[in-house]
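Owing to the predicted nature of the structure, the values given are computational and were not obtained by experimental measurement. Order of appearance sets the numbers: ligands from 1, and atoms from 1 within every ligand.
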Amino acid sequence: MAKSNKTKKKKVVLAYSGGLDTTVMVHWFKHTQNLDVICFAADLGQGEDLAPLKARAKKTGATKLIIRDVKDEFIREYCFPSLQSGALYEGRYPMATALGRPLITKHLLDIAKAEGADFVAHGCTGKGNDQARFEFTRAALAPDIEVLVPIRHWEMKTRESEIEYVEQHGLECPVTKKKPYSIDRNLWGMSIECGVLEDPWVEPPDDAWQMTVHPDRAPEHGVELEIKFEGGLPVAIDGKRMKPVALVDHLRVLGAKHGVGRIDMLEDRMVGFKSRELYETPAAAILHRAHAEAEAITLDRTTIHLKAMLAPLYAQLIYDGHWFHPAREAINALVQETQRFVNATIRMRLRRSQVLVTGRKSPNSAYSFQLATYDEKDTFDQKASEGHLKLLGLPAETLARARKGRWPS
Ligand code: ARG
């Protein structure tokens, strides 16, 4: 833990949410560790007004709260590269939480440097993945700044004892009753856990879903839309060009209305146990499907298969907190190289939780009508198959002769 220093007070920059843990932390750092506390909150589109937190942080004892709007950076530099790589953790989770953490930490470290701080701090639980994302980012970007994680060390072992601390010191903190779920939210999606969801057999109650309409109550006929990709990036919806944040937010609202993007999964945490998670990720669900289709019409078979092999590894690097890892960067460089000709328009229908592709076109289409058609416009040379298949079948033919009577069984 931080030692008090009589000559100059040491400084810590804390990733602050204004919730119970970080509220107690501000006061505890200041009064038991004799530290100056600077708070930081990032706006990743969690749909919550962060400005009122300024007064609260100061009242609790922080010297100030710094707020940064990082939405544009989040979508462009974290979500979109992940989208282009096709990374879904365990084949399903688009990693909204996992993608946000390295970005928050990067800014936290940046502030720590600018403020001449000695420490950074977070309030992530020891049972989760977020602590790893935070600490591996710290390790890669600022090896000389120490991380303080008081919740691992202090005497308060339960929520109740933290609430007691808040009351004892008259701190302002809205948490009174335990909320039924633990929720993390940003523009790319929402993560919901705890409470009744901890029983994997229990169907998620209606109130667990925060943003999407129940598919049964979504409009019967759905909606049709067209997404245009340039260089593997979504740039327009229904012919209207949009900046990344606006485009993602548009798809989030539209998808939510049609019950798109609900995920109920049992997932393998990096800390060694499984947890039951709900995700609501309408924009990511639509864009992952559309982007895969844009690649289907523009890329060759080998490149598509190569990307499919790398995607699970890329997802695990992100999930495990290794955004700033040379392997993640190397895969990203490869993926970027593949995206140059991913120019396509994808038509899709959203209907009662389904995301259906109904058409695709591209100025660089690798689909050839003349080769594929069975009508009179067919230009495919069927005679070419003869030698092609003769040679490719040759090993089997040779083996069969050599093993006559014994193989195939
Ligand atoms: N299991 C997800 C992940 O590791 C979601 C974590 C949610 N975090 C939270 N603070 N509620 O990415």
### Message
Just to verify, what does Arg276 make a salt bridge (charged side-chain N to carboxylate O under 4.0 Å, His left out) with, not counting sequence neighbours?
### Response
Asp264
### Message
For Tyr181 and Gln210, which I'm curious about, is there any donor-acceptor pair between the side chains at under 3.5 Å?
### Response
no
### Message
For Tyr165 and His27, take the angle between the two ring planes, folded into 0 to 90°, and tell me which bin it lands in: parallel under 30, tilted 30 to 60, perpendicular over 60.
### Response
perpendicular
### Message
Going by the rule side chain to side chain donor-acceptor pair (under 3.5 Å), which residues pair with Gln168 if we only count those two or more places apart in sequence or in a different chain?
### Response
none
Can you give the donor-acceptor pairs under 3.5 Å from side chains of residues 193-202 to other protein atoms, not counting sequence neighbours?
{"from": "Glu193", "atom 1": "OE1", "to": "Arg269", "atom 2": "NH2", "distance (Å)": "3.4"}
{"from": "Asp199", "atom 1": "OD1", "to": "Trp201", "atom 2": "N", "distance (Å)": "2.9"}

### Query
Just by distance, do the side chain of Asp43 and the backbone of Arg68 share a donor-acceptor pair under 3.5 Å?
no
Run through all N or O atoms in ligand 1 and write down each protein N or O closer than 3.5 Å, as a pair with its distance.
{"from": "ligand 1", "atom 1": "1 (N)", "to": "Glu267", "atom 2": "OE2", "distance (Å)": "2.7"}
{"from": "ligand 1", "atom 1": "1 (N)", "to": "Glu277", "atom 2": "OE1", "distance (Å)": "3.3"}
{"from": "ligand 1", "atom 1": "1 (N)", "to": "Glu277", "atom 2": "OE2", "distance (Å)": "3.2"}
{"from": "ligand 1", "atom 1": "1 (N)", "to": "Tyr279", "atom 2": "OH", "distance (Å)": "3.2"}
{"from": "ligand 1", "atom 1": "4 (O)", "to": "Asn129", "atom 2": "ND2", "distance (Å)": "2.7"}
{"from": "ligand 1", "atom 1": "4 (O)", "to": "Arg133", "atom 2": "NH1", "distance (Å)": "3.2"}
{"from": "ligand 1", "atom 1": "4 (O)", "to": "Arg133", "atom 2": "NH2", "distance (Å)": "3.0"}
{"from": "ligand 1", "atom 1": "8 (N)", "to": "Asp130", "atom 2": "OD2", "distance (Å)": "3.2"}
{"from": "ligand 1", "atom 1": "10 (N)", "to": "Asp130", "atom 2": "OD2", "distance (Å)": "3.3"}
{"from": "ligand 1", "atom 1": "11 (N)", "to": "Ser182", "atom 2": "OG", "distance (Å)": "3.2"}
{"from": "ligand 1", "atom 1": "12 (O)", "to": "Tyr93", "atom 2": "OH", "distance (Å)": "2.5"}
{"from": "ligand 1", "atom 1": "12 (O)", "to": "Arg133", "atom 2": "NH1", "distance (Å)": "3.0"}
{"from": "ligand 1", "atom 1": "12 (O)", "to": "Arg133", "atom 2": "NH2", "distance (Å)": "3.1"}

